Amino acid sequence: MLDPIRLAAMARKEWIQLRRDARSMALAFVLPLLLLLFFGYAITWDVRDIRLAVHDADGGADARDLIQAFESSGYFRVVSRLDRSADADRELEAGRALAVMAIPPDFGERLRAGEPAPVQLLLDGSDANTATIALGYADAIASRFGQQVVLRGVRIDPPVEVASRVWYNPELRSRNMIVPGLVAVIMSIIAAMLTALTIAREWERGTMEQLAATPVHRLEVVLGKLVPYLGIGFVDVAVAVAAGVFIFDVPLRGNLLLLAAMTLLFLIGALGLGMFISAAMRSQVLATQVAMIATYLPALLLSGFLFDIASMPVVLKAATAIVPARYYITVTRGIFLKGVGVEALWAQGLAMIVFAAAGLGLAAATFRKRIAP
Amino acid sequence: MTDRSRRWGRVGALLRKEWRQLFRDPKTKRIIFVSPIIQLLLFGYAVNTDVHRVATWVVDHEGSATSRALQDALTAGGYFRIVGRSDRPADLARALDRGDAVIGIEIPPAFGGDLAAGRSPAVQVLVDGTNSNTGTVAQGYVTRIVQRFGTERAAGPNRPAAGVDLVARAWYNPGLTSLVYNVPAVLGALVFMMSLLLIGLAVVRERELGTLEQLLVSPLTPGELMLGKTLPVAAVALIDLVLVATVAILWFEVPFRGSPVALVLATLLFALAALGMGLLISTVSRTQQEAFMAMFLLILPALILSGFMYPIHTMPEAFQALTLVNPVRWYIEIVRALFLKGATVAELWRPYLALTLMGIGVFAVATWRFRRAVG
Amino acid sequence: MTVAVEVRDLTRRFGTFTAVDAVSFTVERGSIFGFLGPNGAGKTTTIKMLSGLLRPTAGRALVAGLDVAAEPSRVRERIGYMSQRFSLYADLAVEENIRLFAGLYGVAGPRFAARRDWVLTMAGLTGREAEYAGDLPLGFKQRLALGCAVLHEPPLLFLDEPTSGVDPVARRAFWDLIDGLAQAGTTVLVSTHYLEEAEFCHRLILMNRGRLIAEGDPPGVRRLMREPIWAFLPDDAPRAVEALRREPAVLEAAMFGRAVHAVLKPEADAERAVPAALGAAGIGFRDLARIEPSLEDVFVALVRREGGAVVD
């Protein structure tokens with residue numbers, strides 16, 4: 001059915017056109033790297049140096065040690081010391097501090113007596129994420145501190161020891177999470193945008209009719225157009241992976257060959273989607289806009305890139321099933337951080353095969369139907 | 001007829017035309033009325049950093065009442081959800097590898113007995129750090145819940161626990177839900193994108209169709225033309241503001257504590273800056289295609305550096321400095337403060353001043369470029 | 001006669017609009033077959049159906065012995081197609097365009113080199129292989145497009161208004177090429193709305209509003225007009241036309257430069273009726289004579305006879 005000569009003729013023509021179109025070349029090679037560097041550097045979720053105001057009514061050695069424990073953790077930075085507890089409101093309202101710690105007058109005394117010594121922590125809860133993380137850190141620092149002090153006086157073992165270990169990303173660096181995900185988000189957008197132009201352009205310029213009048217099969221057109229973009233997509237991913245490893249220091253623990261195979265599947269689906277949009281819209285302007293809407297927000301929000309799919313409402317959770325980036329992100333993170341292989345990622349691979357087939361099938365089918373004037 | 005009334009007649013005619021064009025096309029109507037709601041719902045629900053119902057795998061080597069009580073304690077708060085149990089640690093590793101679970105808990109064989117005897121049993125917790133955010137928070141929760149469980153059990157219900165007792169209270173958002181923080185920020189993203197896209201494409205489209213030339217040979221001055229183009233879009237921005245704010249307050253139950261007048265004022269200043277950027281793009285671009293790409297390249301960094309979705313205070317210094325020239329950042333700061341804190345214009349003088357300067361500055365440059373481009 | 005194309009009751013509807021309405025004809029191999037009619041008459045739609053670009057709603061078309069609706073791709077291997085719009089790749093060089101279509105039509109090896117040279121010579125583009133197709137003058141573009149359409153030496157060539165927008169000299173040269181192809185055995189189906197181009201065709205059909213209204217060779221089609229046409233030079237042409245239009249024996253009167261042409265009812269006596277009408281209006285004239293109808297006159301007359309109006 002597929003004729004290799006015709007396929008090669010289409011692919012060569014597409015590549016020549018692509019090479020001559022400066023805008024497409026920039027979109028293909030410059031933009032992905034720019035986006036990767038920009039996103040990769042700008043987005044970090046590592047909460048450090050939380051601005052802390054302290055009201056120390058005790059003033060004793062234990063209270064000073066507690067404040068010291070907060071500062072030396074690296075998570076908190078004491079930005080001001082308050083004389084009156086009433087000032088706490090002002091600090092939070094003005095946004096000068098994200099948290100205010102109030103140590104009561106009898107803090108040291110109660111601690112020494114082996115009684116619970118309450119310490120008040122006020123948080124600016126408007127940024128829930130930062131506040132939650134800050135609270136977690138404060139909690140850990142306070143409980144460790146309490147144990148140490150108690151241990152100094154009366155020896156008490158902690159009732160339960162929590163031996164906690166973090167796998168895959170022991171320091172919980174957000175960059176390790178973001179960079180592998182970015183590869184998927186960026187390639188979703190770029191792939192669809194690149195191919196969104198390709199069929200619409202032929203319609204707009206009238207060359208589609210000439211193609212349609214030749215014996216070339218619609219699948220040959222779609223595949224012939226796919227080949228050069230697939231090459232570009234591969235180069236992009238390779239550059240992004242290298243940047244991830246060498247610029248962002250993300251560990252790459254898994255099999256590169258598996259990553260390449262999965263990337264191939266993902267790219268075919270993403271490029272096919274762009275071609276489908278292109279064939280359906282038949283206008284370059286419309287096709288780019290639709291491609292952008294269809295890929296940008298879903299890849300960013302519904303892929304698990306930053307926001308956990310598990311905590312979404314049912315409807316959104318169901319919607320994520322048809323976002324190809326979701327599967328590819330699991331793959332890139334799995335191969336980068338977890339070092340897992342096919343045994344853990346076969347389901348994602350299957351899903352991406354379905355998307356690849358659907359993308360190409362839809363593109364070819366739509367292209368066929370729309371041959372009419 | 002006086003000169004002035006002629007002028008208003010011309011602008012009025014143009015305004016009527018622009019307004020009709022905006023609302024005649026069903027596609028544009030969808031963009032104006034439907035897409036903001038969809039985006040608000042999408043952003044509101046998806047941009048969620050709350051950690052709850054974390055998938056947890058349990059390997060319970062003891063299987064006693066105490067070990068089961070510990071599991072109940074974990075799931076009771078809604079933070080954790082047990083997705084699987086087994087007695088082989090290898091299963092736990094597999095669940096984490098495959099991403100079926102984010103947290104793994106291994107309870108030692110003599111857990112209950114050791115706890116009762118005061119022998120400090122060690123509970124092994126494994127955290128999938130792939131999502132560093134979830135990992136950090138979940139790890140904190142597990143530690144706290146297990147330790148509190150141990151303290152309660154070991155000390156008995158009547159003896160208070162020793163040590164530092166951290167009493168935390170979160171202001172403005174006591175439940176620490178990210179929704180109330182994110183939903184007001186969606187306003188900023190939407191007003192920005194809407195103003196930019198509508199104005200940017202409107203001018204380029206007329207240029208592509210050749211109708212811009214037709215308008216320019218009419219007695220309209222470039223200033224009048226700009227006014228006619230921007231006023232309807234500003235009106236649309238305000239309509240969207242009301243639409244989105246209403247949904248945010250009634251559907252998402254985000255509190256609105258500030259003054260509506262302050263919100264409208266900020267939106268007008270912000271729209272001025274966004275419209276100026278849109279006009280600039282449309283004077284530089286020759287085709288809709290180019291304009292669209294330019295807007296994409298502007299919207300992307302503007303949203304990343306706005307504090308919406310990605311916190312500013314964790315960014316590297318250079319990027320934090322960049323946010324200072326981003327109107328979206330200032331607008332979102334105002335909107336959040338108005339919604340959550342009930343702040344006043346006086347308290348927010350810095351962002352208001354920044355928006356005013358940027359709005360006037362960008363719009364002035366855009367006017368100058370526009371006059372030159374069409375003149 | 002050997003039949004190259006056979007069409008029976010070919011129909012195409014777009015929604016409620018019938019673009020081509022039960023058209024039937026046969027085309028002899030090696031002939032130039034013309035479709036005539038104004039824009040919107042259904043010529044392009046007919047050609048698109050014959051090329052397999054558009055599915056017929058009803059009816060049947062056999063092209064080179066193959067049913068177009070059933071085997072469009074096999075038909076496409078046997079035809080060349082060139083549309084009214086320049087549809088080669090403007091951002092590809094001349095040679096790259098030729099190479100592309102050679103690949104798509106499976107022209108390879110030594111045959112490719114020979115055909116490429118043939119196209120370059122035919123289009124007058126030898127030595128300009130590296131120029132972008134988009135930068136060529138329109139006449140060259142059109143000949144290059146023709147060359148790409150016949151790279152694979154198809155037995156059938158479909159040309160949809162190939163000369164629109166081209167200047168008269170280039171148009172003439174183009175028709176010489178078409179004639180050469182036909183003499184070499186290619187069957188050419190060509191549509192045009194330049195009625196004078198119809199003279200180059202061996203056989204014609206006239207279409208209006210999707211229907212076939214006449215068929216024959218050019219002299220035969222001309223003979224279909226039974227109403228005589230008379231021409232004269234009046235002193236005041238606009239008033240002369242006005243006067244004639246009031247005369248019952250005159251079906252139609254129109255200005256052609258300073259002259260006026262009048263179509264009369266077949267039974268009318270022109271040499272009496274025309275002077276009478278002009279004399280009554282006080283308009284002087286000279287050189288009253290009967291003239292040969294042009295194809296345009298024939299076309300208008302046929303449409304009028306059907307009681308319809310010309311679409312344009």
Side-chain angles (χ1 to χ4, degrees), chain A residues 41-46 92 114 116-133 135-136 138-139 142 145-147 150 157-169 172-174 177 284-285 288 301-302 307-308 310-313 316 330 333 337-338 340 344, chain B residues 42 45-50 52 55 96-99 120-137 139-140 143-144 146-147 150-151 154 160-173 176-178 181 288-289 292 304 310-311 314-316 319 336 340:
Chain A
Y41 277 118
I43 309 174
T44 65
W45 293 53
D46 305 329
L92 289 186
V119 168
Q120 201 185 37
L121 188 74
L122 288 180
L123 291 156
D124 179 345
S126 36
D127 179 355
N129 187 44
T130 308
T132 309
I133 292 174
L135 180 59
D139 230 357
F145 176 80
Q147 278 169 8
V150 173
D157 284 326
V160 181
E161 203 182 304
V162 179
S164 128
R165 276 200 294 147
V166 178
W167 278 12
Y168 315 127
N169 181 14
L172 288 166
R173 275 177 85 214
S174 63
M177 144 170 97
Q284 294 188 71
V285 175
T288 343
L301 299 176
L302 302 180
F307 309 109
D308 254 344
S311 48
M312 289 176 190
L316 275 194
T330 310
R333 286 198 181 136
L337 302 177
K338 297 187 173 179
V340 290
Chain B
L42 189 62
Y45 282 119
V47 181
N48 186 337
T49 46
D50 302 345
H52 68 269
L96 255 62
D97 270 350
R98 295 167 46 101
S120 289
V123 172
Q124 172 84 38
V125 175
L126 290 180
V127 181
D128 175 352
T130 325
N131 186 325
S132 59
N133 198 41
T134 313
T136 309
V137 176
Q139 188 187 21
T143 311
R144 200 169 351 144
V146 174
Q147 276 176 346
T151 314
V164 178
D165 180 17
L166 195 70
V167 187
R169 270 205 299 143
W171 280 21
Y172 314 123
N173 178 13
L176 285 180
T177 49
S178 56
Y181 184 60
Q288 290 192 65
Q289 185 73 13
F292 190 74
I304 293 173
Y310 322 104
T314 55
M315 289 177 187
F319 286 91
R336 276 180 176 150
L340 299 178

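Both backbone and side-chain heavy atoms feed into the values below; hydrogens, waters and symmetry mates do not. Since this is a predicted model, take the numbers as computed values, not measurements.
- At a 4.5 Å heavy-atom cutoff, the contact between B:Phe292 and chain A is made by side-chain atoms alone.
- Both the backbone and the side chain of B:Leu42 have a heavy atom closer than 4.5 Å to some heavy atom of chain A.
- Among B:Ala46, B:Gly129, B:Ser132, the residue with the largest count of heavy-atom pairs under 4.5 Å with chain A is B:Ser132.
- Distance check: A:Arg333 CZ to A:Lys338 NZ gives 9.5 Å after rounding to the nearest 0.5 Å.
- The two residues B:Ile304 and A:Ile43 come nearest to each other via the heavy atoms CG2-CG1, 4.3 Å.
- Nearest heavy-atom pair across A:Ala42 and B:Pro316 is O-CD, 4.2 Å.
- What you find for A:Asp124 and A:Ala131 is that their closest heavy atoms are O-CB, 3.7 Å.
- Contacts between B:Gln139 and chain A at a heavy-atom distance below 4.5 Å involve the side chain alone, from C-beta outward.
- Each of A:Thr330, A:Thr132, A:Leu337 has some count of heavy-atom pairs under 4.5 Å with chain B, and the biggest count is that of A:Thr132.
- Interface residue A:Leu301: backbone and side-chain heavy atoms are both found under 4.5 Å from chain B.
- Only the side chain of A:Val340 has a heavy atom closer than 4.5 Å to any heavy atom of chain B.
- Ranked by heavy-atom pairs under 4.5 Å with chain A, the list B:Val146, B:Thr136, B:Thr130 is led by B:Thr130.
- Most heavy-atom pairs under 4.5 Å with chain A, from the set B:Gln289, B:His52, B:Arg336, B:Met315: that is B:Gln289.
- Looking at B:Leu96, both its backbone and its side chain come within 4.5 Å of chain A, counting heavy atoms on both sides.
- With a 4.5 Å cut-off on non-hydrogen atoms, B:Tyr181 touches chain A through its backbone and its side chain both.
- Taking CE of A:Met312 as the reference point, atom CG of A:Leu302 lies at 5.5 Å (rounded to 0.5 Å).
- For A:Thr130, the part lying near chain B is the side chain, with the backbone staying farther off; criterion is any non-hydrogen pair under 4.5 Å.
- Only the side chain of B:Val137 comes within contact range of chain A, with heavy atoms under 4.5 Å apart.
- With no hydrogens or angles considered, a side-chain donor-acceptor pair links B:Asp97 and A:Tyr168 at under 3.5 Å.
- The residue among A:Leu135, A:Leu316, A:Leu122 with the most heavy atom pairs within less than 4.5 Å of chain B is A:Leu122.
- One finds the OG1 atom of A:Thr44 at 10.0 Å from the CZ atom of B:Phe319 (value rounded to the nearest 0.5 Å).
- Per-residue counts of heavy-atom pairs under 4.5 Å with chain B were compared for A:Pro313, A:Gly136, A:Ala138; the largest is that of A:Pro313.
- Among the candidates B:Leu340, B:Thr143, B:Asp128, the residue making the largest number of heavy-atom pairs closer than 4.5 Å to chain A is B:Asp128.
- Chain A forms more heavy-atom pairs under 4.5 Å with one residue of B:Gly99, B:Ala55, B:Ala122 than with any other, namely B:Ala122.
- When only modelled atom types and interatomic distance are considered, A:Asp308 and B:Thr134 share a side-chain donor-acceptor pair under 3.5 Å.
- With a threshold of 4.5 angstrom between heavy atoms, A:Arg165 approaches chain B through its backbone and through its side chain.
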